[in-house]
Amino acid sequence: MSGKLPILETREQVESQPSRGKPLAFWRRLLISAAVITTIQYLPWAPSVSKDAHKPEVKEIVYQEGNFTWKPCYENYTCSTLEVPVDYHDKGSPKFELALIKYKATSGPSKGPLFVNPGGPGGSGFDWVRKSGSIISKVVQGQYDIIGFDPRGVGRSNTIRCFKDGTEYKLFAANRPQHLAPGENVVNFAIYKEAVATQCWEKAHDFLPYVSTAFVARDIDALREAFGQELTNYWGFSYGTFLGATYVNMFPDKVGRVLVDGVTDPNGFSGDTVDWMAGSLLHVEDGVDKLGASCEAAGPTKCALAHPDKALAHDGTHYVAPTLRQFLKDLSDNPMLTLNLTTPVIVDQPLAANVLFTSLYKVDKWTVVAKAFSQAIYNGDATGLAKFFIPQEPEKMEDRCPLLEEYWLGASPILCTDGHHDNHPDLDSWMAGLHKISAISPLAVPIWGSGMMDCLYWKAKAAERFAGPWNHTTKNKVLIIGVTGDPVTPIESARILENLMEGSGVLHEHGGWGHCSVGQPSKCTVKVIREYFVHGKVPKKGSFCPMEAEPFEDPVETFSDGITYEELHQLGASLPRFL
């Protein structure tokens, strides 16, 4: 690999460069020199990174701790970076900086760093900890430093940029659907996906082969070493479970307390993408049925869809789920227009289907989602549905530089290089594969199948890829959590991982719905997690926690354990909504 590989610029670096007359390295050296003189450390983020431009001011105290220089960046948080090579297998490789954020331990001496990953792929660990670090800390009783990091190519860590800025992307994407609508011309949609994939290759082909999960696992081990730790402590959600499974099998002797929560099948994720979808979406329709049945049981005072006299359809026993499905079918031919937001919105079948599908990730959102659908179905007003996709005060186009994770393509650099499409190598076979598995979830298969179509045209191949084996003997046992009604990482995948790990992983089953254990949290499961991280106690085989409250019903709150259901719901609400 040539040492001339250009390091991609972060959004903040582009915005802050005073001139294009000098190379990036010149300005970086100039800024670092100024930092030494003024004792103000230059870090590759700025207030423009966060949407909360009016965040509280924090006292400027920079301190050195081991290999890191930490600087206050948000209230109660400090930020730093770690320089890592683009290619760990090339001694002359260029380097770039991983962006880190820390919420310090609050209870006695820290047990060390707890690295977290919120999933995605393409989710920002930095932003997630900024929003939820204090809650994660409460779960582990304040005994760890909570460390969020943006994986390579994501957010502030050498951002992959496929378009110059927000204006360029939005001009390109204007009037082009992100998902294939029923009856839409497949070839026309596919050419759009091919254009996006080609654009990414043209802009970032030097770096794209080095953002696979195997390289991110090496980054985690570099972080472990830089923090001076013998073992790695880690909590990964959703896609973060594949990252966790990869790490513990690449570095089994470095495994401390590692929790994978909301497990995707590692063989599936590293295998054929369409086949992986089939194994991931097993309980989507079960979730829709549960939403409907729970709504009916709760009644109209708690669920706005609970009006049998207004139902569009009945199946002999239930009416809410059949009504939702009939409404989506009707939208295919009769989209709705809403004009009372900041911009007109066409609520079509793909948009409404996305609202319903993503609502299955978080059970506490079912009440507001049911209200939005009831207004559309019973009153002909789709404003509530449109609000899920249209912010009330949209940012100016010129102010937004879309990072990959800000639209569907956020997953592609990782998803398309970790997996393959060998069983479905062209558009015809891809669509035939989707048709074959559509019965598993008529709701979700079209959404995922069209969104992941980038992979058909993705030119980058991983410079390193890990696809097992998954049975390395780890220094400490890994805690595996699976949710019985998870819509996208089914309990079956957690059981598969436990079997693949052959004794190095122990499964705890979390009874309930939603995505990961925070999709419908329980204090029982929080206790299992806490016992593991704080005391190193691994649950016995067959460990299970039942659902503590029915959907549309509030659980009985207790405060003796130091964390509330509201805080646990906030933890889940800030997770990415892809995988």
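Since the model is a prediction, treat every value here as computed from it, not as a measurement.
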Measure from the side-chain N and O atoms of [X] to the backbone N and O of [Y], and report whether any donor-acceptor pair falls under 3.5 Å.
| X | Y | value |
| --- | --- | --- |
| R156 | F149 | no |
| K477 | V538 | no |
| T358 | N354 | yes |
| N233 | G256 | no |
| K362 | V518 | yes |
| K461 | T417 | no |
| T241 | T264 | yes |
| S441 | A444 | yes |
| S137 | G133 | no |
| S543 | K540 | no |

Could you give me the CA-CA distance, side-chain angles and deciding distance for R218 and E464, then say whether salt bridge (Lys or Arg N to Asp or Glu O under 4.0 Å) is met? CA-CA 11 Å; R218 293 191 183 280; E464 181 181 17; 2.7 Å; yes
Any luck finding a side-chain donor-acceptor pair between [X] and [Y] under 3.5 Å?
| X | Y | result |
| --- | --- | --- |
| H424 | D272 | yes |
| T525 | H510 | yes |
| S574 | S132 | yes |
| D418 | T213 | yes |

Please check if the number of heavy atoms outside H535 that lie under 6.0 Å from its NE2 is greater than 12. yes
Take atom CD in E531; do more than 12 heavy atoms of anything else shown fall under 6.0 Å from it? yes
For a 4.5 angstrom cut-off between non-hydrogen side-chain atoms, does [X] reach [Y]?
| X | Y | value |
| --- | --- | --- |
| L479 | P539 | yes |
| V260 | L497 | yes |
| W201 | W458 | no |
| H515 | V483 | no |

Please state whether the rings of [X] and [Y] are parallel, tilted or perpendicular, taking 30° and 60° as the class boundaries.
| X | Y | result |
| --- | --- | --- |
| W70 | F227 | tilted |
| W128 | F237 | perpendicular |
| F357 | Y361 | perpendicular |
| F215 | Y88 | parallel |
| F466 | W470 | perpendicular |

Only counting residues at least two apart or in another chain, list the ones meeting salt bridge (Lys or Arg N to Asp or Glu O under 4.0 Å) with [X].
| X | value |
| --- | --- |
| D219 | R152 |
| K541 | E498 |
| E492 | none |

Between K475 and D253, is the closest basic N to carboxylate O distance under 4.0 Å? no
Could you tell me whether E230 and R224 have a side-chain N and a carboxylate O separated by less than 4.0 Å? no
Looking only at heavy atoms, which two atoms of V534 and V140 are closest? And how far apart? CG2-O, 3.5 Å
R257 to F533 six-membered ring, cation-pi geometry met (6.0 Å, 45°): no
Tell me if the aromatic rings of Y234 and F115 count as close, with their centers under 6.0 Å from one another. no
Could you grab the distance from atom OG1 of T273 to atom CG of L415, nearest 0.5 Å is fine? 5.0 Å
